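Sequence lines set the chain letters: A, B, ... in the order given, protein chains first and strands last, and positions in each chain run from 1. What you see is a predicted model; the values in this text were computed from it and never measured.
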2 protein chains.
Amino acid sequence: MKTEHTNKIPEGDCLPSVLADRGIRPTRQRLALASVLFGGGHKHVTAEQIVMALHKRKARVSLATVYNNLHHFTQVGLLREIAVDQTCTYFDTNTTIHGHYFDEVNGALYDIPDEALTMINLPQPPQGRKIKRVDITIRLSKAEG
Amino acid sequence: MKTEHTNKIPEGDCLPSVLADRGIRPTRQRLALASVLFGGGHKHVTAEQIVMALHKRKARVSLATVYNNLHHFTQVGLLREIAVDQTCTYFDTNTTIHGHYFDEVNGALYDIPDEALTMINLPQPPQGRKIKRVDITIRLSKAEG
DNA sequence: GTGTTTGCAAAGTGTTTGCAATTTA
DNA sequence: TAAATTGCAAACACTTTGCAAACAC
C-alpha cells in the first residue's frame, strides 16, 4: 500500500505518520512544528511567526531548527515557499498552485479565491527545464482618495 | 533598416529630459544609471549588475547611490521591482504587467511571452485597497532524465 | 547660497552554517 | 552504537542609513 499525498493533512495522533510517511524522523521539535503548521486549516507563515507560536505553546525550538525543518518539509512536499518580497520568506501549507494577495499596509498574506483569478495557457517550460513553482502575487496598497 | 519600438525610452540627449520630466535632478550618476537602464531594449537588472555595467563604462557610482536611485526611479514609475526570491532584488525596465521565468539553474530572469500566458478575471482588490503590482513568476529547475 | 545628492563605512535584517552535545532508531 | 538532529553563536549576503563633503540650480 502506498501513501497518498493528498492536500489534506490529518491532525492529532496522525501527525507522526505524516512525517514518517515522508521519511522524516518525528523528533519533539518536528512534531511541535507540524502541529503548529498542520493543526487546522491552511496557513501562510514565516519562521518568526512559527517561533512565536511555539513559544506560546511552551515548546522551545530554536530558530535555526525551524528554518532547517521548514526547508526540509518543503523539499518533501509538505510546504510550499512563497516569494512575496525579499525581506521575508513565507511558507504555505497549501501546496497547490494558487495566487496570493499581499497587503503592504499590514503585511497580511492571503489566498486569492480560485474563482477570482483564472490562468489559461500555462506555458510549457523551455528545453531542459521543468516548472518547479508558480508564484502569483498581487500586491495591495492603500486606495487613495 | 530598423524600426524603433514605440514604448521605448529615448536615448542620448533625451535622457536628461526623461529624468527632468519626473522631477529628478539629472546628476552625473543618475544619467549614467539611466543610460545603462534605458540604453536599448528592456532589461532585468540587479544593483550588482548595474554597478558592474557602470564600471565597464568607467562611470564610478557607489552601490548605495545605485540602490537609492533604483528605488527613486521605481517610485516615479520608470522601473518596476520584481520579487523573484529573497536573495536578490531585480528591477525591470518594462513596467507593464507581465510574467517572468526565473531559471534556478543559472539565475537567469526573462519574460514570459504574452501569448504563452493568459490571465482572465484579474480580481478586484478588497475594500480600501488598490492593486499596486502583480508578480507572476514561473520558477524553472533542471528537468531530470 | 541653499537644499539636494553622493559615497563611504557602519549598522541592520533575515537566513544559513559549523560544530559539540544530544537524541533517535 | 551509529547516524541524524538540535541549538547556539558566528558568519553571510544583500540592503539601508548616518553624516560630511560635493554638487545642482
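- Within residues 44-56 of chain A, no residue has a heavy atom under 4.0 Å from DNA chain D.
- As rounded to whole Å, 14 Å separates atom P of D/dT5 from atom CG of A/Leu33.
- Among residues two or more places apart in sequence or in another chain, the ring-ring contact (aromatic ring centres under 6.0 Å, His included) test is passed with B/His72 by none.
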Worksheet item: Taking protein heavy atoms under 4.0 Å as touching, what does nucleotides 2-10 of chain C look like 5' to 3' if B marks base contact, S marks sugar-phosphate-only contact and - marks none?
Response: -BSSSBB--
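- B/Thr46 is linked by a side-chain contact (heavy atoms from CB on, under 4.5 Å) to B/Glu48, B/Gln49, B/Cys88, B/Tyr90, counting only residues two or more places apart in sequence or in another chain.
- Atom NE2 of B/His71 is separated from atom C1' of D/dC14 by 11 Å (rounded to the nearest Å).
- Judged as a side-chain contact (heavy atoms from CB on, under 4.5 Å), and not counting sequence neighbours, the contacts of A/Val105 are A/Asp103, A/Lys142, B/Arg129.
- Looking at residues two or more places apart in sequence or on another chain, you find a ring-ring contact (aromatic ring centres under 6.0 Å, His included) between A/Tyr101 and A/Tyr110.
- In this view, A/Phe102 satisfies the ring-ring contact (aromatic ring centres under 6.0 Å, His included) rule with no residue, not counting sequence neighbours.
- Partners of B/Arg57 according to the side-chain contact (heavy atoms from CB on, under 4.5 Å) rule, which considers only residues two or more places apart in sequence or in another chain, are B/Ser35, B/Val36.
- For B/Val66, the side-chain contact (heavy atoms from CB on, under 4.5 Å) partners at least two apart in sequence or on another chain are B/Ala47, B/Ile50, B/Val51, B/Leu54, B/Val61, B/Leu70.
- Taking a pair as Watson-Crick or G-U wobble with both distances under 3.5 Å, DNA chain D forms stems of 3 or more consecutive pairs at C:1-25 with D:1-25.
- A/Asp114 pairs by the side-chain hydrogen bond (donor to acceptor under 3.5 Å, both in side chains) definition with nothing, not counting sequence neighbours.
- At a cut-off of 3.5 Å, with distance as the only test, a side-chain donor of A/Asp111 or A/His44 sits close to an acceptor on the other residue.
- Residue pairs meeting the salt bridge (charged side-chain N to carboxylate O under 4.0 Å, His left out) criterion with at least one member in residues 86-100 of chain A, sequence neighbours excluded, do not occur.
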